[in-house]
Amino acid sequence: MKQDNPTYDLECLDIAKNFGSVRAVKGVSFDIPSGSFFSILGPSGCGKTTLMRMIAGFEEPSGGDIKIKGKSVLGVPPNRRNVKMVFQHLALFPMMNVYENIAYGLRCAGFGKDHIRRKVHDVLERIALPDVAEREIHQLSGGQKQRIAIARCMVLDPDVLLLDEPLGALDLKLREAMKIELKLLQHQFNTTFIYITHDQSEALVMSDNVAIMNQGEFEQIGTPQELYHRPNTAFVAGFVGDSNRWSGTVKASDGTGGKVETEQGLPMSFSAGAGQTIRDGAKVDIFVRPEFIRTVRTAEAAAIAADGDNRMDGVIDSLLFNGANSRVLVRTGSGELIESDVTLTGDNDLKPGEDVSLVWSSKQAMCFARQESA
Amino acid sequence: MKQDNPTYDLECLDIAKNFGSVRAVKGVSFDIPSGSFFSILGPSGCGKTTLMRMIAGFEEPSGGDIKIKGKSVLGVPPNRRNVKMVFQHLALFPMMNVYENIAYGLRCAGFGKDHIRRKVHDVLERIALPDVAEREIHQLSGGQKQRIAIARCMVLDPDVLLLDEPLGALDLKLREAMKIELKLLQHQFNTTFIYITHDQSEALVMSDNVAIMNQGEFEQIGTPQELYHRPNTAFVAGFVGDSNRWSGTVKASDGTGGKVETEQGLPMSFSAGAGQTIRDGAKVDIFVRPEFIRTVRTAEAAAIAADGDNRMDGVIDSLLFNGANSRVLVRTGSGELIESDVTLTGDNDLKPGEDVSLVWSSKQAMCFARQESA
Amino acid sequence: ETLRLLTWGSYAPDELVQKFEEEYPDIEVEVTFSNNEEMIAKLRATGGAGFDLAQPSHDRIYAAQLEYDIYKPMDLSKIDTGVMEGKLLDGVKANTTIDGEVYAVPHQWGTSGLMADKTKAPDLKSWADLCDPAYKGKTSMRLKRTILLGTAYSMGEDPFAAYSDLEKYQGILDKVADKLIECKGNIKAYWQGGDDLSAMMLSGEIVGSETWDSTAYKLFDQNPNIVFVPPKEGALAWIDTFALPAKGKADDAAYKWINFVLRPENVTLMSASTGAIAAVKGGKDLLPEDKKAAVNAAFTDADIDNLKFFANIPPGVEDMEGKTLEKIKAATGG
Amino acid sequence: MLAQKKTSPFLLGYRLYVVAFFIFLAAPLISAGAFAFNDSLFPALPWQGFTLDWFFSDTEPKLGMFHDRRLLQGLYYSFVIAIFVAALSVFVGTTNAFLFVRGEFPGKNFFYIMMVVPLVIPGVILGISILVLASDTANYLEDTIDLELEFLRPGILLVVLGQFSFIATITSLVITARLKKFDETMEEAAFNLGASRARVLRTITLPFLRPAMIAAGIVAFLVSFENFNTTLFLVGSEAPLTITMYDRMAKVGSTPVLNAVSFVLMVGSGLLALLSILIQRDKSAQ
Amino acid sequence: MQNKDIKRLTLILLFAPFALWILLLIILPHIGMVVLSLKEKVAPRVYEYSFANYLDFLHEPIYWNTLLRTGSMSLLVTALALLIGFPIAYYIAKIAGPRARGGLFLLCLIPLWVSDLIRSFGWILLLRETGVISNFLLWTGLIGQPVEFLYNDAAVIVGLVYTVILFMIVPLVSTLDGMDNSMIEAGYNLGGNGFTVLRRIIIPYAMPGIVAGCIVTFMLSAGSYLTPILLGGKNSSWFTEQIYNQFITRFNWEGGAAFGMLLLLFTSIVIWLGLKLSGQTLANTVAKS
Ligand SMILES: Nc1ncnc2c1ncn2[C@@H]1O[C@H](COP(=O)(O)OP(=O)(O)OP(=O)(O)O)[C@@H](O)[C@H]1O
Ligand SMILES: Nc1ncnc2c1ncn2[C@@H]1O[C@H](COP(=O)(O)OP(=O)(O)OP(=O)(O)O)[C@@H](O)[C@H]1O
Ligand SMILES: [Mg+2]
Ligand SMILES: [Mg+2]
């Protein structure tokens, strides 16, 4: 195996976990550079929590190795690993006040009273809550609790901080605010964060790197932009961001792009997904994101036709007004509904019933060879 | 008062409710045309639930009148009003199965067995769950429960269906899906829905009309687009949709638009909020939505300058990548952060540190005379 | 050393216990209150352990000892038998000698009989008078063996004589049961303990009842109209004894206690508490003055001659009587 | 709701009913307590005037309870027994809670029902059956190996065991209910912060259970203090208060001193109950 | 996450107190009772195994009449406790304000403050012919002469209801507490009137609590000893009294043991029937409260 390598805070080597016949994690390898924000994004039940619990030491891996700061931690009990964890429901201790919650880990480590006081007040400063030390847990707001839960871990200077869907229990507005805040805290402490979520927007906004997990395996690891714009697999393309999706057969291909005909008989040009070669006659899935489709009144379409090499005409079926995230559903000639993002200004906007043209570039049409599971 | 007016399913006339000294609802009037989807949107504690409970008959109004199908229902007990309600936690009866839950209201009304069976199976067809009649409540998924709760009311052919944050307890993905579904169900039953929520996206996507409620009063009633694009008050402008917000003083005004200088000293042109007249020297709040601000590299800015009459230069502070909803934070010369929506294609995108210009039209800068509470 | 006394409610007045403990500083007295049945049941459960001195009535020793072996023989030499009333001592010895060993000596004796409010029920003289319709709803009795025996006497039977022939005794019991069931309508309630009886009597809810003499004396204090009436068939007399539980551990202390309470100055204290007469020579004269008055008001010499001492209960009789009592209780009369 | 309008005659009637009910609950206690102040030798009407003799007098015949050696002794034994029963029941209740909430073992449901069963066995039968078993064992040991086991004879230990046998069910149910609400991630969080297993138990789990343990202890104490049916058969010479009082009533004849004791008990239990409510409230605040 | 052996050891350590308790204090004593009840005394200190004690019971109508009487009166007490207690529990759980709730609950515990004995004692003082109630009624002129309220079955029932009602109210309050108010409102909203809501929603929802309360109440009253003895009249025999008599007065431990087992069997059957009829199980009722 590798020698002590200070640039990685955490390395997982082919780590796997079976619960009886359930293969929850199927052999996952990755390493996380020091001080980065790493997210694991995947649908419910894909094994994210199991993976994290193995890192924290609450489950023993069925196979593989976990190294923290280059040292294998297999067999080290959870209270001896310098990996701290923020739980989904935070698991703050209700019978202690804020100070005692934060001091708990330091007391376990056997520090002196003065040292503990200094450290606790220090960390409270850093999370910008200097005055809450004497409060009871139930006197805190949701966002404050969140920060206390992080402070409780950070005061111990962990090598890695694990966060298991810590925003899941918050309400919408607070969740939006905490996304930004978490990222700032990570910057401040400059500690490696491993963040679990099934909410893509959380993962995309905060992370330096994201791993997409599906059925116990990693489908792709990359920066948010890479995952969004250059997904490796149909699963990643479908899971990260919204997409219009067609199935079709390749009619002409030069390996990285060409023409395809969808099952509804629509011709379309595409470029192949990252690293794929697509041959003539292959069955493929094509993904086009709603925000890359421009919807224009048919009368005005000619002017921008050069922009994209795909064009389709249809009638606006309905308009889902949602402020900045509004969307139109366009029914094409073949009866299919295509979603497209539009910006509505309240002034000369598109309306249901209007004839429109949809236009998008072949560069934005991602294409993947069909897999059985897709 | 008005005569029987078949075009309104529900009319509220100056309805009010006090709990001791708390004035929960302060005199609200509105009427809802037959068959429309009406939402009441407001922050927590503004009196939404109280209003709804008065309509359902669980609270007696302290003043005002409520008419259903033109008839006053004051003094009519809740079980004699043809207004049905979907509760926040649904309140399905756990000791009955799905069939019995739906049949409950019909039994109370004294229908015969055959009639009940027919009606229940009918409504189950319509909510696309024909096979769950014999299931116990705890065997249903969250979305299924939701639909059963609606079916249980709809089977009684109510004049009005009240829904009190019915999606609040669902998780993110399901909530998104149910938004669309609720709208479809309303179409299908063609019954008047009154929908309470504090989530603006729910209200905007589903409603024909939305009332914005604040501190026991209605601030504005209108279609989603009206509220979003032509808010009447600063509260509405700030509550519906995201906004960049400045405070400033009017420097030159022709009543409906003009020039303003923000407290940071930035000059800006604006148009007055709907129905307002703004005079020289007035203190105002200005709102600009991120999606109406175009962010372009300063080098390329000249080309589009004509587009908008407001322009500001700055440096990209950070980029919140979130797929289609990505946003840049731009730090202007005066040190302020301005949010702007951008579409990132993965190709020649903006990056933190780049010099950019922000451009927006004065038509998109909404301006409201300052109120004490603002 | 601890002396664990298993005795009747009032047989260990605090004053006496304190006096005893002062005299024998190394002995501590622990008292458990009980009655005949519970004493036997407890000692049976423990096989005669747990207590150092018990005080069952003289008639309840023989069978219990035969069946459960719960007492040990007494060493009469350690007891000051000289002070005891000879007649009573001999009677108890006769009743409790098994295989030549004596198992008990007498302590106090008293009677069960009737109690009446002279002003309201002057004619209450016989056990049978409790069932007199003249007092309908105004009499009471305890549903225990005393009333069975009394009623038997009032019907002209001699139940003690029939002890030797259980079949005959069963016949008597059946007749008694019929009579008492018939009588049920006349009774206000069966009393359970001294408490109910006193309350009913004092409040005037009842005018006559079957009773222990001591309870009657106590009420006499409160209301001189309430007197003990020895039934004309003869009051039933019992002798409470001292007996040593088989596995008692403080026999010496027990003997000390026996001798202590038989001392004349202590006898008066004891009788003041119990209301019963000590089985010592001149026991009656050692009663406190008020009790003496009550006894004199109740008993003539003829009454004393007419006393019927409870006879030894042979095995099986308790069961027969118990069943009869249950029958009476369960019967729906009145 | 069943009561819609806050002023309806229905609700008024309902309130009256509730008031009547609480009068019903308080009536026998008030009457038992009130006669403690009656200046008479018998706890019955007529009212003879107010006195505190039944508490403080030190002379016969009106020996007050604070000078009545036997009653005070009964009180003392009741206290000792109740303390032991409460401590033992809380301990076993706690282990049972862990066993049934955390443990996985075959027949768990069956054993759980077994745990509930003692609550539904008539108290008299529990007392007798334990007495019989203990006596038989003691007699057998004595007959065969001549071993005299004093503690198997009626006495404090048997009383404690007898009461414990069904009170443990109550405490188990109370503590189990609380432990079920415990979020196990709290323990994991503590491990994660570096605590050892024993420390987690001491600093996290037990403090969480503490309100339930105290409440269960108080209930156990009260139930033990007032128990009669089970105690009756198991009592030896160290009679607890209920038995002493029963002896007084049934065998000697009572005086208002018993009412005085009742009065003191009422005040004491009332305070204890108040304490348990306060603890409960403290718990709900969390 | 931890060693299998430690887990096993922990389980065994936790199981030990439970096993000792159930085995030594519940199961073995009851087996002892069964064995004892199967012995028949044939001569002093001589016993034989037989069913004589049980046959005794069957052949003697007094005994089984008393058992049936005990059972039916206990059922009556249970029903009354439910009828009286349910509105109280509902009031505490649903109508009283949050602050009043704790206080009312505390008041409900009043009977627990003193022993059975003192409670009965209190009732005697109230109910007797020269007692408080009779005197009060005389004073108001409602009755012309003292009336005896004590020493009859009604007094026993009042006393028992009083003793057990607490154990009815507590589980009822805790189940009703868990019921979402909106469930009741939904019942009205869908057109039910007060009665329908009570019958179709509140009662079915509270069923586990009702059954739990009924079981405990029934067992307590069937097993009570003092109240029926002290308050009961001339005819009021109670089965526990007979057990006591067998053991204490008649020295017939074998018969007493048989009676004890019969009482247990009888009450168990009644409860089993009750559970079957209400479709509940012991685990989801008593165990939950
Ligand atoms: N202790 C266990 N025993 C058996 N199966 C388990 C256990 N824990 C998890 N699993 C299974 O392993 C799989 C992965 O579970 P895991 O909790 O890791 O998913 P997750 O990705 O965290 O899901 P979510 O987003 O819902 O939290 C699931 O199929 C789950 O049922
Ligand atoms: N029964 C009541 N007694 C006293 N005050 C009440 C009562 N019900 C509601 N209030 C008060 O009335 C106001 C409005 O409450 P309401 O429940 O209608 O708000 P809401 O808009 O539904 O809030 P949310 O979105 O949080 O549900 C609040 O200030 C609340 O505290
Ligand atoms: Mg998970
Ligand atoms: Mg609300």
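Residue numbering restarts at 1 for every chain, and letters A, B, ... go by the order of the sequence lines. When reading the values below, keep in mind they use all heavy atoms of this one structure, side chains included, and skip hydrogens, waters and symmetry mates.
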Min side-chain heavy-atom separation A:Phe235-A:Pro43 under 4.5 Å: yes

Hey, does A:Val236 have a side-chain heavy atom less than 4.5 Å from the side chain of A:Asn232? no

If you count heavy-atom pairs under 4.5 Å between each of A:Phe292, A:Phe321, A:Tyr228 and chain B, which one has the most? A:Phe321

Look at A:Ser207, A:Gly241, A:Pro224 and state which one has the largest set of heavy-atom pairs under 4.5 Å with chain B. A:Pro224

Quick check on B:Leu319 against chain A: is it the side chain, the backbone, both or neither that has a heavy atom closer than 4.5 Å? side chain

So for A:Asn322, is it side chain, backbone, both, or neither that comes closer than 4.5 Å to the heavy atoms of chain B? both

Using non-hydrogen atoms only, which part of A:Ser201 is less than 4.5 Å away from chain B: side chain, backbone, both, or neither? both

By salt bridge (charged side-chain N to carboxylate O under 4.0 Å, His left out), which residues pair with A:Glu226, not counting sequence neighbours? none

Going through the checks in order, is the ring pair (Phe, Tyr, Trp, His ring centres under 6.0 Å) test met by B:Phe37 and B:Tyr195? CA-CA 7 Å; B:Phe37 196 119; B:Tyr195 188 93; 5.8 Å; yes

Could you verify whether a donor N or O on one side chain and an acceptor N or O on the other, from B:Asp164 and B:Thr49, lie under 3.5 Å apart? yes

